[in-house]
Structures are given as structure tokens and as C-alpha cells.
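Below is one structure, written out as C-alpha cells; the observations come after it.
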Amino acid sequence: MTVVTRFAPSPTGFLHIGGARTALFNWLFARHHGGQFLLRIEDTDRARSTEDAVEAIYDGLKWLGLDWDGDAVSQFTRVDRHREAVETLLASGKAYRCYCTPEELSEMRESAKADGRPWRYDGIWRDRDPSEAPVGINPVIRIKAPQDGETIIRDKVQGTVRVANDTLDDMVLLRSDGTPTYMLAVVVDDHDMGVTHVIRGDDHLTNAFRQYQLYVALDWDVPEFAHIPLIHGPDGAKMSKRHGALGVDAYRDQGYLPAAMRNYLLRLGWAHGDEEIISTEQAIEWFDLDNVGRAASRFDFAKLSNLNGHYLRSGDNEMLVAEITPMLEERRHEALSEGEKSMLVRAMSGLKERAKNVLELAESAYFYIARRPLVFTDKARSQLDNEAIVHLRTLVAAFGQMMTWEADVLEAHVRTYVDESDPPIKLGKVAQPLRAALSGTTVSPPIFDVMVILGQQETLARINDAISAANS
RNA sequence: GCCCCCAUCGUCUAGUGGCCUAGGACGCUGGCCUCUCACGCCGGAAACAGGGGUUCGAGUCCCCUUGGGGGCGCCA
């Protein structure tokens with residue numbers, strides 16, 4: 001049997017982090033088994049669904065690298081099929097019309113609450129004769145659920161979960177306006193789409209019981225269920241709009257790499273021994289439901305950040321330059337030339353191991369393509385004191401004479417210079433002023449590497465700029 | 001309130017009855033490296049929620065308590 005999983009978000013907002021992980025697990029499970037990963041947009045709630053949200057979901061999944069098979073299914077377009085399923089239920093006596101109005105229902109709810117009784121629809125229309133139906137009221141269709149015994153779910157993550165049927169009531173399948181409810185639509189769609197494994201957040205665990213009953217009533221095979229624990233905010237509270245539940249686009253904007261997000265999300269609730277850095281290929285090979293934990297986990301930015309640093313350091317130079325180019329151009333208000341881009345590619349290995357996100361990478365790379373004269377930070381300017389300028393004057397003269405412009409040659413020359421100064425000075429006494437002159441800051445990759453990447457001409461010009469600035 | 005789920009360092013987790021004087025990672029921290037900042041390397045502090053069982057033996061199995069979470073809509 002081919003494995004078919006699905007991700008079924010409702011387009012009422014961005015693709016948030018919890019949804020992203022659910023999608024990832026579904027995707028990994030399908031890819032691991034060589035099966036299919038389908039996408040279904042649960043847009044039956046017309047009032048709350050928007051086109052923008054649908055686009056945001058597509059964008060988020062694409063950015064994460066989670067490709068789905070076939071076209072996304074719009075649940076809304078399948079209402080006829082949903083109604084059809086209810087017709088068969090009505091015909092076989094497994095569903096019935098209920099004429100209670102929403103008002104009556106909420107009254108029943110209120111009084112149950114007042115008496116301290118657990119609320120549950122009492123099924124008064126369950127066995128009533130249709131002739132008693134009041135006129136002028138459009139009924140809802142409810143399932144005729146079993147009233148005794150128990151419903152058992154053998155969840156791939158949560159294990160065997162059981163509930164007494166008398167704690168469940170007859171849920172609504174079709175609203176009085178004829179539209180299907182979520183419970184109906186999920187079951188019909190999952191069945192029609194051939195979904196074999198329903199992997200979703202455990203906030204749906206109790207829904208699974210009712211859905212199970214629906215599958216049975218429809219005489220359909222019940223898929224495997226796997227309810228994965230939710231992700232909580234850093235403070236342990238549920239992730240909500242105002243509680244750290246950002247859209248994946250926000251993570252992209254903060255400079256996180258998709259590979260890092262995948263790795264981080266994967267380790268939130270799933271483990272493979274002591275493995276921490278797990279490539280996507282490896283994840284596909286290893287992923288299984290047995291090793292999904294059952295406890296909710298907290299979102300930890302520090303760890304995500306650390307992982308991001310790892311993927312940045314091992315990231316492809318060209319790819320990274322492509323990532324930061326738009327940021328650099330925006331800041332400089334001027335496009336980068338091909339020469340500058342290739343310079344950045346050469347600079348990347350020195351830069352990427354110092355950044356923990358793409359934003360920082362762009363920030364630290366800017367000085368390479370900044371137009372002269374550089375703007376100095378306060379700390380950089382303080383490095384360029386009188387003593388430093390004396391050293392720079394001597395060095396710039398020597399640098400101008402150099403025939404080979406290589407890091408080790410430059411370093412050897414400067415080391416000799418500091419050693420032979422009288423009295424000998426520390427390398428830092430010269431390296432820091434050089435750094436300030438060349439980068440405008442006090443932090444950069446190794447300064448002799450910087451000189452080589454910048455090239456002799458630019459290096460000399462920047463040092464001379466610093467000397468002139470100090471004189472004025 | 002009722003129903004369901006969960007519970008190992010601050011955080012993510014390994015652990016499937018003896019290999020656990022509980023391992024790894026992030027974070028924190030001492031040191032090394034060093035032209036800055038990082039990276040890297042070496043070291044440290046840090047956990048089985050509590051109580052009962054079962055067993056020769058329990059972090060691992062059972063029960064209770066406590067604590068968290070989720071669900072109880074003509075939302076999804």
C-alpha cells in the first residue's frame with residue numbers, strides 16, 4: 001500500500017510554525033515511504049478564508065522546501081460530494097435531521113452548565129418521526145452515533161486512546177444552510193484523496209474519535225492516525241497570535257535559512273539517538289512516527305539560532321551572496337557589479353563563520369562593497385589615534401611597493417614590522433587600526449584576508465582615506 | 001465542570017527493567033587558541049515532579065496526587 005499523507009491548513013492567516021512542523025512531518029513520512037504528500041486547503045469557512053492566506057501557505061511551504069504532489073485541493077469546491085456522503089448516511093439511517101435551533105441549543109447548554117452537568121446534545125430528534133418536524137425551520141443533519149460501548153483509536157504516536165461513547169454526542173454533519181461541517185469534510189476528503197496516514201497536531205486527538213465513528217458509519221477504511229504534540233511558546237504557554245506564533249515568512253525575514261528551520265523543527269518532538277545536525281536527505285531516511293515524542297515542546301530561539309549558524313557556515317558561498325545581494329543593494333542604493341559579487345563570493349568563507357543569520361551576514365559584508373570614503377563607527381575612529389596613524393603611514397608606503405599581494409606575505413611583513421619596532425609592539429596595535437581603516441569597524445574577518453579580497457589598490461586608498469581623515 | 005493527552009538538566013532530547021555513579025545538544029560558565037569578532041578545542045555546574053506499589057532490581061511497568069496541555073460550536 002502506498003503511503004499518502006496530507007497537510008490541511010485553513011487559510012485564515014499565515015503558515016505558522018506549528019503548521020510548518022506538521023507539514024514537515026507529513027512530508028518526511030511520505031518521502032520516507034516513497035509515497036505522496038498532498039495539500040488541501042480547508043476553506044469551507046468562507047468568511048474567514050482569504051486568497052492572500054492561501055498564497056502565504058504556498059509561499060511558506062515552498063520556502064521550506066516542502067513540495068506537495070499534484071494540485072492543492074480546495075475543500076470548498078467539494079461541497080457537493082460532502083452532501084452526497086450525507087445522503088447515503090440519511091438513506092441508511094445513520095444520520096438524521098435535527099430541528100433544534102441554535103437558540104434552543106445554547107439554552108440547553110446554559111442550563112446544563114447551571115446544573116453542573118456536562119453539556120452534550122441530547123438527541124431529541126434522533127428517533128422522532130419526521131412528521132413532527134416544525135415548519136419553516138431548516139434542519140441540520142446529525143450523525144446517529146453509537147450511545148454505548150467505547151471508541152478506540154490506535155494512534156501511532158499517542159498509543160491506544162479510548163473514550164466512552166456516552167461522552168460523545170451526535171455531531172452536526174450538514175449545517176441548516178446545507179454546508180458541510182469540518183468533521184464531515186475532513187473525513188470525506190481524506191477518504192477520497194486516499195489518505196492513509198493522518199498526521200496532525202494533537203489538538204485534533206479528541207476529534208479523531210468522532211471522525212472514526214463517521215468512517216465506520218460510511219463503511220470506509222479508517223486511516224492511521226498520528227497526533228503529534230503541539231509547540232508552545234518560550235514561556236510554555238500555547239502559541240497564539242500574540243505569543244510568538246510567527247508566520248514562516250517572519251523567520252525568513254529574520255535571516256533564518258530553510259535548512260536550519262527544517263532541522264530545528266524536526267528535532268522538536270522527534271529524535272534519532274544523539275543526532276543533532278540532520279540533513280534533509282538523512283531525515284527522509286530516518287524519519288518515522290515511532291520516535292515522535294508525546295510531550296509538547298517549547299520553541300527555543302537560541303537553539304534555532306545556533307543551528308542557523310551551522311547551516312550558514314556550511315552554506316554555499318554563491319547561494320549566500322545571492323541571499324544578501326538585495327539587502328546590500330538596498331542599503332547602498334546602488335546595484336552590485338558582477339565584480340563585486342565575485343569579490344563577495346571570495347569573502348564569504350571569512351564572513352559566514354561569524355554570522356548567525358543572513359541579516360548579520362549582510363551587515364558584516366557591507367564594508368567590502370561600501371563606497372569610499374568609509375563611514376567609521378565611533379570605536380573604529382578611536383582606534384585611529386596619532387600613534388596608529390604613524391604606523392599606517394609607514395605601512396601604506398610599504399604596501400604600495402609590494403609586488404605580490406597575498407595574505408601570508410602581508411602578514412609576514414606586518415609581523416616583521418611590529419617585531420622590529422623599538423620597542424617591539426603587539427600585532428594588535430597595528431592590526432586594529434588597519435581593520436578600522438579598511439572596514440570602518442572594529443570587527444571583521446582576519447585583516448590580511450580582507451586586504452587580499454579588497455585588492456591592493458582599494459586597500460591603499462582606504463588606508464590613505466583614514467590618514468587624511470585623521471589629519472583634518 | 002466533563003472528557004482526552006502529557007511529565008528526564010533552564011530548553012530540545014537519549015533512555016523501551018540491569019550497559020545509568022542518567023548520555024548528547026543549545027544556553028550558561030572556567031580555560032585554550034588569537035590581529036578583532038566568531039569558529040574550534042578542553043573542562044564545569046545543571047534533571048528522572050511527589051507518593052505508593054510490582055520486581056532480586058525501576059528513569060523505564062501499574063495506581064494515586066500534583067502540575068502542564070488539548071477538546072467539549074450549525075470554527076477549522
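Only a predicted model underlies this, so the values are computations on that prediction, with no experimental measurement involved. Proteins get letters first, then strands, A, B, ... in listed order; numbering begins at 1 in each.
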* Does the side chain of A:Arg294 get closer than 4.0 angstrom to OP1 or OP2 of B:C5 through an N or O atom? -> no
* What nucleic acid atoms does A:Ser10 come within less than 4.0 Å of, heavy atoms only: base, sugar-phosphate, or nothing? -> sugar-phosphate
* To do: For nucleotides B:G69 and B:G53, find the distance between their P atoms and express it as a whole number of Å.
  => 32 Å
* Nearest whole angstrom, please: distance from the P of B:A25 to the CH2 of A:Trp270. => 17 Å
* Structure fact -> Contacts satisfying ring-ring contact (aromatic ring centres under 6.0 Å, His included) that involve residues 428-453 of chain A (not counting sequence neighbours) are none
* Asked: Picking from B:C4, B:C74, B:A76, which would you name as closest to the side chain of A:Thr206?
  -> B:C4
* Asked: Is A:Arg78 paired with A:Asp192 through a side-chain N to carboxylate O contact shorter than 4.0 Å?
  -> yes
* To do: Starting at atom CG of A:Leu307, determine the distance to atom P of B:U13, rounded to an integer number of angstrom.
  => 13 Å
* Once you round it to whole Å, what is the distance between P of B:U16 and CG of A:Leu289? -> 20 Å
* Counting any heavy atom closer than 4.0 Å, what does A:Cys98 reach on the DNA or RNA strands: base, sugar-phosphate only, or nothing? -> nothing
* Asked: Reckon A:His272 touches a base, only the sugar-phosphate, or nothing at all at heavy-atom distances under 4.0 Å?
  -> nothing
* **Side chain of A:His232 - closest among B:C12, B:A76, B:G69** => B:G69
* Paired with B:G43: which nucleotide, if any, by Watson-Crick or G-U wobble criteria at under 3.5 Å for both distances? -> B:U29
* Please confirm whether the backbone N or O of A:Asp288 pairs with a side-chain atom of A:Trp270, one donor and one acceptor, at under 3.5 Å? => yes
* Determine the contact category for A:Gly269: base if any of its heavy atoms lies under 4.0 Å from a base atom, sugar-phosphate if only primed atoms, P, OP1 or OP2 are that close, otherwise nothing. => sugar-phosphate
* Can you tell me, in whole Å, how much space there is between the P of B:A47 and that of B:G59? => 15 Å
* Write down the distance separating the C1' atoms in B:G52 and B:C9, rounded off to the nearest Å. => 26 Å
* To do: Sticking with atom P, work out how far B:U66 lies from B:G44, rounded to a whole angstrom.
  => 40 Å
* Asked: With both distances kept under 3.5 Å, what pairs with B:G67, Watson-Crick or G-U wobble?
  -> B:C6
* Report, as a single string ordered 5' to 3', how protein heavy atoms within less than 4.0 Å touch nucleotides 33-41 of chain B: B base, S sugar-phosphate only, - not at all. => --BBBBSS-
* Asked: Checking A:Arg21 against A:Phe25: charged group under 6.0 Å from the ring centre and within 45 degrees of the axis?
  -> yes
* **Nearest-nucleotide pick for A:Glu276, side chain only, options being B:A25, B:G70, B:C6** => B:A25
* Hey, is A:Asp170 close enough to A:Lys144 for a salt bridge, meaning N to O under 4.0 Å? -> no
* Validate the cation-pi geometry between A:Arg142 and A:Tyr121: distance from NZ or CZ to the six-membered ring centre under 6.0 Å, angle to the ring axis within 45°. => yes
* **Pairs flagged by salt bridge (Lys or Arg N to Asp or Glu O under 4.0 Å) wherever residues 430-453 of chain A is involved - sequence neighbours left out** => none
* Asked: How far does the P atom of B:C5 sit from the matching atom of B:C61, given to the nearest Å?
  -> 15 Å
* Is there a donor-acceptor pair closer than 3.5 Å between any side-chain N or O of A:Glu360 and the backbone N or O of A:Lys356? -> yes
* Asked: Which value, in whole Å, describes the distance between the C1' atoms of nucleotides B:A22 and B:C48?
  -> 8 Å
* To do: Return the residues of residues 158-166 of chain A meeting this criterion: a heavy atom under 4.0 Å from some atom of RNA chain B. Order them by number, or give none.
  => A:Gln158, A:Val161, A:Arg162, A:Val163
* Asked: Base, sugar-phosphate, or nothing: which does A:Asp177 touch, judged by heavy atoms less than 4.0 Å apart?
  -> nothing
* Asked: If we take the C1' atom in both B:G1 and B:U60, what is their distance in whole Å?
  -> 35 Å
* Provide, to the nearest angstrom, the distance between the OH atom belonging to A:Tyr264 and the C1' atom belonging to B:U13. => 11 Å
* Structure fact -> With sugar-phosphate taken as primed atoms, P, OP1 and OP2 and all else as base, the protein-contact string of nucleotides 58-64 of chain B at under 4.0 Å (heavy atoms; B, S, -) is -------
* **Whole angstrom value for the distance that separates P of B:C6 from CG of A:Asp202** => 9 Å
* Asked: Is there a donor-acceptor contact under 3.5 Å from the side chain of A:Asn263 to the main chain of A:Glu276?
  -> yes
* Asked: When you look at CG of A:Asn386, are more than 12 heavy atoms from neighbouring residues, nucleotides or ligands closer to it than 6.0 Å?
  -> no
* A:Asp43 side chain to A:Gln75 main-chain N or O, any donor-acceptor pair under 3.5 Å? -> yes
* Please give, in whole Å, the distance from B:A76 C1' to A:His82 NE2? -> 13 Å
* Should we count CZ of A:Arg346 as having more than 12 external heavy atoms under 6.0 Å? -> yes
* Assign A:Thr179 to base, sugar-phosphate, or nothing according to its heavy-atom contacts below 4.0 angstrom with the strands shown. => nothing
* To do: Could you tell me whether the side chain of A:Ser176 has a donor or acceptor atom within less than 3.5 Å of a complementary atom in the base of B:C74?
  => yes
* Paired with B:C72: which nucleotide, if any, by Watson-Crick or G-U wobble criteria at under 3.5 Å for both distances? -> B:G1
* Structure fact -> Here the distance between atom C1' of B:C3 and atom CG of A:Asp169, to the nearest Å, is 12 Å
* Is A:Asp202 reaching over with its side chain to a backbone N or O of A:Leu205, donor-acceptor style, under 3.5 angstrom? -> no
* To do: Determine the interatomic distance between P on B:G50 and the same-named atom on B:A7; round to the nearest Å.
  => 15 Å
* Asked: Is it true that A:Arg313 and A:Glu353 make a salt bridge, defined as a side-chain N closer than 4.0 Å to a carboxylate O?
  -> no
* For atom CD1 of A:Ile228 and atom C1' of B:C4, their distance in whole Å -> 17 Å
* Between A:Glu275 and A:Leu168, which has a closest nucleotide on RNA chain B that is more 5'? -> A:Leu168
* Asked: Under 6.0 Å between ring centres, would you say that holds for A:His197 and A:Phe29?
  -> yes
* For every nucleotide of nucleotides 26-32 of chain B, 5' to 3': is a protein heavy atom under 4.0 Å from its base (B), only from its sugar-phosphate (S), or from neither (-)? -> SS-----
* To do: Walk me through it: do A:Glu87 and A:Arg83 pass the test salt bridge (Lys or Arg N to Asp or Glu O under 4.0 Å)?
  => CA-CA 6 Å; A:Glu87 287 307 321; A:Arg83 289 198 193 103; over 6 Å; no
* Asked: OP1 or OP2 of B:A76 less than 4.0 angstrom from a side-chain nitrogen or oxygen of A:Thr12, does that happen here?
  -> no
* Between the base of B:G71 and the side chain of A:Asp203, is there any donor-acceptor pair under 3.5 Å? -> no
* To do: First locate atom OG1 of A:Thr22, then atom CD1 of A:Ile17, and finally report the distance between them rounded to the nearest 0.5 Å.
  => 10.5 Å
* Where each residue is assigned the nucleotide of RNA chain B containing its nearest heavy atom, which of A:Arg210 and A:Ala271 is assigned the position nearer the 5′ end? -> A:Ala271
